[in-house]
Every structure is written in C-alpha cells, then in structure tokens.
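First the structure, in the form of structure tokens, and then the observations on it.
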Protein chains: 4
Amino acid sequence: MQAPQRHGGSGRPRDTHLDTALLDATLAVLGEVGYSRLTLEQVARRAGTTKPSIYRRWPTRQHLVLAALARQLGDVTVPDTGCTLCDLGEGLSVFVAAFDRMPPDVLGSLLADCAGRPELRAELLNTLFEPPRCAVGHMLRSARDRGDLRDDVDLDLAVDLLGSLVHYRILFGHAPVTERDIETAVETLLQGIATDYPALLAHAREAGGDSPTHPLHT
Amino acid sequence: MQAPQRHGGSGRPRDTHLDTALLDATLAVLGEVGYSRLTLEQVARRAGTTKPSIYRRWPTRQHLVLAALARQLGDVTVPDTGCTLCDLGEGLSVFVAAFDRMPPDVLGSLLADCAGRPELRAELLNTLFEPPRCAVGHMLRSARDRGDLRDDVDLDLAVDLLGSLVHYRILFGHAPVTERDIETAVETLLQGIATDYPALLAHAREAGGDSPTHPLHT
Amino acid sequence: MQAPQRHGGSGRPRDTHLDTALLDATLAVLGEVGYSRLTLEQVARRAGTTKPSIYRRWPTRQHLVLAALARQLGDVTVPDTGCTLCDLGEGLSVFVAAFDRMPPDVLGSLLADCAGRPELRAELLNTLFEPPRCAVGHMLRSARDRGDLRDDVDLDLAVDLLGSLVHYRILFGHAPVTERDIETAVETLLQGIATDYPALLAHAREAGGDSPTHPLHT
Amino acid sequence: MQAPQRHGGSGRPRDTHLDTALLDATLAVLGEVGYSRLTLEQVARRAGTTKPSIYRRWPTRQHLVLAALARQLGDVTVPDTGCTLCDLGEGLSVFVAAFDRMPPDVLGSLLADCAGRPELRAELLNTLFEPPRCAVGHMLRSARDRGDLRDDVDLDLAVDLLGSLVHYRILFGHAPVTERDIETAVETLLQGIATDYPALLAHAREAGGDSPTHPLHT
DNA sequence: CGATAAGCGAGACGGTACGTCAAGTCTTATA
DNA sequence: TATAAGACTTGACGTACCGTCTCGCTTATCG
C-alpha cells in the first residue's frame, strides 16, 4: 500500500515528493488530532498542496491513512535462531514495537471505519495485520518441524492466541503490552502445546539468559 | 446505560415511549447502514420525533449507541457449578452469544470513536466489556480458591488471554468464534496454569461429557 | 422576489436580519468584484453567516442575485399627468435611474446565466424588466385613449422600440443613456405614431418647458 | 478572429485541421449544453485532442467561443439599391438571419462574460456587432446624402434605435424578430426622420411591392 | 543530413469554488 | 417544563473545471 497506481508512460509524471509529503503530513496530523478529527484539507495544507492532489492518489481517506500506516510499519523482519522461546518472544516484541511507533488509536479507528468496505478491510488486514501473523505462524511451524511442538497442534488457534493478545491490546489496550507480558504469554502457551517444555526453557536460558522460571506467576 | 438523567418533578413528564422508540430506531439503523453512516436525523425520523429529543436524553451520538447496545446486551448470567473447565467454556459461550446478537461491526466502531473521550470509553468498557471480564475473573478466582490453579498465577494476564481472544474475534473477527475454539483455548490455557490438568479434565468428563481429549490438536 | 418561501407556524422562525444582511452583502460583493467572481462563501462571510443559510433561502446563486437586484430596484412609480411627451420622458428616466443604481454589468451577466433555466429567466424578466415595460405600455395606452395616438398603432412594438433602447444600453451600453437620448427617442417615435405631433409638442412646452424643437437633430 | 497568432517559421507547423475541428467542436458543444456549461475538456475531447492544444491557439475560453461565433457569422453583405426602405429592411433581415444561425443564448452569455475585460469586449463588439451597425449606418448616410433624410438627423441615435431592437431581441428575445417587425420598425422610424416619407413609401412599392400601407398599425 | 524548434497526446499539477451533508444548538408555539 | 418543528452556526465533504506544467514523441525547417 505504498506507491499508488501508476499509468502508461505518457502524461506529466507524478511528483513523488508529494507522495511522501502527503504521507508525512498524514502521520503528523494523525499524531496531533487523531483519526476522527483528521481533515483532508489539513493534510493537504500541511503537505503544501490541495485536496484534489490527495484524491488523485488515494480514492478515500481510509486508503490514505492505510498507506501512511503501512509506510510507517515498514518492513519488519523477525529472528530465526532455532530457539523457539527466544524467537517467539523476540518476534512479538518487534511487532509490538513497530505498532507502538504508530499514532495511538488510529489503527482501531481505521479498522472500524472499514466496516462495510470488504476490499478495503481485506487490504488493511493483509497490509498491517497479516505480516505478524505470518511471522508467528512461520515460527510455530519451524518449531513443530524441529520437534518442539506436538504434531497435531492447531497452529491457527495458537497463532490467534498470541496474535489476538498483541493486537487487542494495541488496538484498545487498557494496558500496554510489556516485554514481561509477552514472555509470560509465550511461556504459558508453550506449556500447553510443547512436547517438552522444560527442555525449551533450558535451551532459552543458555541462549538468552533472562527468562523467568515461573510463567504466569507474579 | 438505561434511562438517562431526569430533572425536577414539575413540568411535562418525559414520554417514556420515546426512550424505547429511539433505542429501537437506533438498533434498526445500525443494522441497516452501520455505525459510521448512522444519522441522528434518521434515527429521530424513524422514532417519529426530532433531534432535540435525542439530545435531551443522551449528550452525544456515542452515548445513544452505547445505550442501545447495552439494552441489547441485557443481563447475562454465568454458571457456577464448581467444574472449572465447564464453567469457563459455558461462560465464554454465553458472552459470545450475547455479542453476536448485536449489529455487526458496531462495537468496534463505537470503541474506536471513543478515542480521546476517556470517560465515555470507560463507560463503554464498564458497561459492555467488563461484565464478561469480571465473570471470567471470578471463575478463575474461584478455581484458584478451590485449588484448581497454582497460587501464584497472574490472573489478570490469564483473563486477558481468554478475553482478548473472544473480544478480538468479535470486534474484528476474520473468523467467527466457535464453541470448539472456546473449548480448545480454555483447555490450552489451563494446561499452563492448572495444578493438575488431568484431574480437571476427568472432572469435566463426568460432569458434562463432550470434552475432547487432546487440546489444540486436530 | 424579496422574502423567500415561509413554512407553517411551528419551528424556529427565520432570522429576518439574515435575509437583509445577505442581500446587502450580495450587493456589496457584486459592486466590488462583479457577478462572475462573486462567491457564495464571500457573501456568507460578509453577512456573518455561512453557505447553508444562503441555500436555505435561495436555491441557486442566480436566485440570490435576482433577489438582491429586485430589492435594489424597489418600487418604481411613474407619473401620469396627461402630457404624453412629458410622461414618457419622465417615466423612462425614472427607470434608467433605477437601473443605474445597480452594480454595473450584473444584470447582463445574470440574464445570460439564466440561459437554459426558463422559469428563472421568466422570474427575472417579470421582476426586473416587466415593470418598466408595463409602465410604458400603460402610458401609451392612456395616450391612445385620450386620442393622442392613432387607433391602430401596434403598441407592443412601440413599447419594444423604447424599451429595447433603454434595456440594451443598460445591459451592454457602449454609451450611457442620457436624458437627451430619451427625449429624442420619444419624440422621434411619436412623430411616427401620434395623430397630431405638433399639438403634443406644444402641450409639452407649456407643461414642462425645456423640450427641444427638432427631434433627432444635433 | 480567424487563425490565431503564429510564431517564427521553424518548428513543427500547426495542424490546421485542428483549428477547424476545435471550432466545430466548440459550436457543437455550445449548441448542446450552452455557454455556461461548456467545458474545454469536452471541446478538446470532441475535437480528438486535448486542452493544451486549445490554449496554444486561444488564450481564453472567451476567445475560443468568439472565434467560433465569428466563423459562423461569416461575411455578411448588404444591398445598396438606392431604395432606402427596401435596403434597410433587407439589410436588417440579413443580419437577423445571420445571428439566428448561431447557437441560442450564447452571444449574450459571452458578452456578459466580457465584463471587466475591456479589450476582449471591444474585440467582440468589433467582430460581431459592429458590422451590422456599420452597414445600417452606411445605409442611413447614403439615404441622407441622396436627400431622403433631414440633414440634421442624429444618425447615431437612429442606428441605435434600429440596432438595439434587433440586438436586444436577439440577445434576450422574449419574442423573435420577424420580417414584419423589421418592416414596421423601419417605417416608423423613417416617418420620424425622413424628409418626405410618402415618397419613400411610393418608391419602395414600385421597387419591391409587398410593403404595407400602415406602419405600426395592426 | 542532423540539429533544433515547435506542435502533439496525454495527464498530473496547484487552485478555487462548488453544492451537500450532518453535527450539535437555539427558539418558537403547543400540550 | 417537555414536546415537535425547524432554522441556526459550523465545518468538512467529495467533485468539477480552471489554466499551467512536464513528459515522450513526431514533424517540419534551417544550418
């Protein structure tokens, strides 16, 4: 969802500076007044241009905001060290950090604003939510392939258990997602689906070092 | 979020039929065009009245919708049979069913629309989201008190693990929440925090009967 | 074309100060930037209100301007002294003066802008152009009734001959309409349609005094 | 207002087919939607080209339309037979016919649109309105020279009396200009300014034949 | 004959104003 | 004092043209 559709070679080419200026302005306005009070006028003025230039690039306000968020999210890469506990914890943290860089409350508002626009909603989910889901899914699959998880675990549900915790708190967090929360959630889940949880824990301890002994314990 | 504030006893009394007519109209409009396209004019016209009569009762559109949803949610009671597995599963199902009766996508939109209005947001959370959280928390606390859970489990995180799965899927479900999902999630979680999971499973089997053997397994 | 349509007794009544403020603002803007550069925003701002308040009163920009011009034209009354030459000259002068009080070039632009809107055009003609036509027609009919004109004169064409001179020069005058022009035109016309032109001239001389002897002569 | 300005000899020459195609398209669009709804885009598209090709030829929309109308008006020649009544009637008819071939209402709109652009307005008047004025003026001057009119007649006002009737009705005609109207107006005017009207009438009768006996009479 | 200069189609550019919609507030007459 | 009615201020919406610009290409004239 970064650069919008381009056309045949002919015609005056689009000013790519405007593209970035508009996305920058969008993020700035989002940060200052939030999604619901964001005005296209304001965005345009701040980018030194006018509304029609926005509509030429993105068909709706939602598309504009989505593009801005997607650019802000950037390309997020996750570790693959072979240590199931470490990788999951680290991977989730990377995504939490990426989402935390976004203006608060925007993601939820945008998602809500997609009600009734299925294509847009799909685009949003694919662009922003699917990458972390995929990454976590990939990690869990690796873990199962190397024998850390039971063969018959429902990986989709496991992904949802971790992902929904992260997403839910990001979207409407009554509490921020801390590193501690992530570790605890990962360890709790693995106790339920690992073939040999103590071995994983031991492995993580030599690899990283600061994992706690008692998941979900205060 | 039932009948709103009243004034001094004198003068023409409020038409209580209007209260219900307005909430009915709100739900109807929500169901037809969704939250973002809901117009107070439209609601008023449908209820056979005018905008000022709405504003006399609820200060903002958000309050109106919240009131309508709260009435739709109604009073939900959860079981307390002493069977940890059964109660959790049954309790979660009750709430999923209650939320499923609401117009789709409205809850998320409303919640998103509360960004920047903390009191309203708090009221929404208290009215709609807190009851299930409380009920689940209460169940887990009972379970711990009767010795089913370890003493040092972080109950808040446990509540969040279950609650976020349910809420997240309800709010923005890329997949509906099935009975099967609930059971599996409950059992997976309990494997992580129960003192003696097999005993709970056995207990549940004699009580109810249809619990599966292998959590999270296909 | 003054006060727009009113409704049943109930509801908040229209602010009549706004009506006049808007018409005043319209005339002011017309005077400053002309018809084609008149902006409803500008009119509204100047009247201390906003566009929707204008659209509530007049359906289009044309209606607004027409209303403003009509108010500016006001009620114009013409003399009826029995002196055919004097009355015609005086009556035409009155209307020329009334039109000269309007912002220049507006009338033509407005009329041109009515192309393709027959009802509006009819309203404009009725409101602004018909009164002088009627007045002149009435004068000529009186003159015929008292025997000053031949019985079989085509009064409509006579009205047009006088009216078109005035209107044409007002609308797109390459030259202003002077008192002298009016007198000369009246006298020239009457030579063509009067029963006894010299008698009329004599009558006018005793009544008024400053009529010229030789029509259309330099 | 024929072919617009050209530049130095070098470079690709202008496609003269485009000139005519654009003027044709302009007239077509004017005929279909009128002046105020004419879009340069539309004209360009219809001519199979694009806006810049228009602006390369004519600096403004007004110039384009003026050029189109001028081409449509063409060269109009008027008779000079020595019969004052016949020539005037015939000459006016020729011009009425020429203007009637133009799309209706366009002339007035264009003229109105020249408010505040004096050079353009002058060009328009010179191009479209001056020829008939000149022709009528020339006829009247010839008539005076041959002794048909009094020596001291104000020829400018006489021209205006005839011209304004024609122009006014053409521009904003509440009634079409008929042959009958023209004859009657000419005859009425001549009664006012001719040295010997009956002689002119007699002359016209032998020359043409179908002149009426009673000017301005029904 | 190759450089140069303009015209060409295409279409995006920065702008201005449009006419509409809904929000939330107010003022009335009536009950 | 609440009601139905409806006008009020406010502010943003998405669209339509304007007149200009920058492309990549074609077509002529000139050196």
Side-chain angles (χ1 to χ4, degrees), chain A residues 6-18 36-42 44-45 47-57 59-61, chain B residues 6-15 18 36-42 44-45 47-61, chain C residues 6-16 18 36-42 44 48-57 59-61, chain D residues 6-16 18 36-42 44-45 47-61:
Chain A
R6 291 315 317 268
H7 323 275
S10 128
R12 175 174 175 172
R14 244 177 216 167
D15 184 348
T16 50
H17 293 62
L18 266 186
S36 68
R37 277 191 267 275
L38 173 138
T39 291
L40 293 195
E41 271 281 347
Q42 209 179 340
R45 195 161 41 239
T49 181
T50 50
K51 280 192 293 175
S53 287
I54 298 182
Y55 282 108
R56 233 171 268 127
R57 290 169 166 77
T60 69
R61 175 224 305 257
Chain B
R6 293 309 316 271
H7 315 280
S10 129
R12 174 170 172 176
R14 233 173 227 172
D15 183 349
L18 270 187
S36 68
R37 280 194 261 272
L38 171 138
T39 290
L40 292 196
E41 274 280 347
Q42 209 180 340
R45 194 161 43 241
T49 180
T50 51
K51 281 194 294 174
S53 288
I54 299 182
Y55 283 107
R56 228 168 277 126
R57 291 169 166 79
W58 300 280
T60 70
R61 176 228 303 255
Chain C
R6 292 312 318 269
H7 321 277
S10 134
R12 175 174 175 173
R14 242 175 218 168
D15 185 348
T16 49
L18 268 186
S36 69
R37 277 191 265 276
L38 173 139
T39 291
L40 292 195
E41 272 281 346
Q42 209 180 339
T49 181
T50 49
K51 280 193 292 176
S53 286
I54 297 182
Y55 282 106
R56 221 171 283 121
R57 290 169 166 77
T60 70
R61 175 224 303 258
Chain D
R6 294 306 319 266
H7 316 281
S10 135
R12 174 173 176 175
R14 247 178 216 164
D15 184 348
T16 50
L18 270 186
S36 69
R37 281 194 262 272
L38 171 139
T39 291
L40 293 196
E41 274 281 346
Q42 209 179 340
R45 192 163 42 243
T49 180
T50 50
K51 280 193 296 174
S53 286
I54 298 182
Y55 282 106
R56 228 171 274 125
R57 289 166 167 79
W58 299 279
T60 70
R61 176 228 302 253

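Per chain, numbering begins at 1; letters A, B, ... match sequence-line order. Because only heavy atoms are used, hydrogens play no part in the values below, and waters and symmetry mates are left out as well, while side chains stay in.
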Per [X] side chain, nearest of listed nucleotides [options]:
X: B/R56; options: E/dG19, F/dA2, E/dG7; answer: F/dA2
X: D/L40; options: E/dA6, F/dT3, F/dC18; answer: F/dC18
X: A/R14; options: E/dC18, E/dC13, E/dG9; answer: E/dC13
X: B/T39; options: F/dA12, E/dG7, E/dA22; answer: E/dA22
X: C/Y55; options: F/dC8, E/dG24, E/dT20; answer: E/dT20
X: A/R61; options: E/dG19, F/dC13, E/dA12; answer: F/dC13

Starting from [atom2] on [N], measure out to [atom1] on [X] and report it in whole angstrom.
X: A/H17; N: E/dC13; atom1: NE2; atom2: P; result: 13 Å
X: D/R57; N: F/dG19; atom1: CZ; atom2: P; result: 17 Å
X: D/R45; N: E/dC8; atom1: CZ; atom2: P; result: 19 Å
X: B/I54; N: F/dA2; atom1: CD1; atom2: P; result: 17 Å
X: D/R37; N: E/dC18; atom1: CZ; atom2: C1'; result: 14 Å
X: D/D15; N: E/dG9; atom1: CG; atom2: P; result: 8 Å

Problem set entry | Listed partners of D/S53 passing side chain to side chain donor-acceptor pair (under 3.5 Å), at least two apart | D/T49, D/R56
Exercise. On DNA chain F, nearest-nucleotide positions of B/L18 versus A/Q42: which is more 5'?
Worked result: B/L18
So what does [X] touch, heavy atoms closer than 4.0 Å: a base, only the sugar-phosphate, or nothing?
X: B/T50; answer: base
X: C/T49; answer: sugar-phosphate
X: D/L38; answer: sugar-phosphate

Exercise. Taking OP1 and OP2 of E/dG9, is either one under 4.0 Å from a side-chain nitrogen or oxygen of D/S53?
Worked result: yes
For the student: nearest non-hydrogen atoms of [X] and [Y], plus distance:
X: D/R61; Y: D/L40; result: CG-CD2, 4.1 Å
X: A/D15; Y: A/R57; result: O-NH2, 3.2 Å
X: D/A47; Y: D/L18; result: O-CD2, 4.2 Å

For this session: Would you please name every residue forming a salt bridge (Lys or Arg N to Asp or Glu O under 4.0 Å) with D/R37, sequence neighbours left out?
Result: none
Exercise. With a 3.5 Å cut-off and just heavy-atom distances, do the side chain of D/K51 and the base of F/dG19 make a donor-acceptor pair?
Worked result: yes
Exercise. When only distance counts, do a donor and an acceptor, one from the side chain of D/R12 and one from the base of E/dC8, lie under 3.5 Å apart?
Worked result: no
Seminar exercise, completed: By nearest-heavy-atom nucleotide on DNA chain E, the more 5' of C/E41 and A/P52 is A/P52
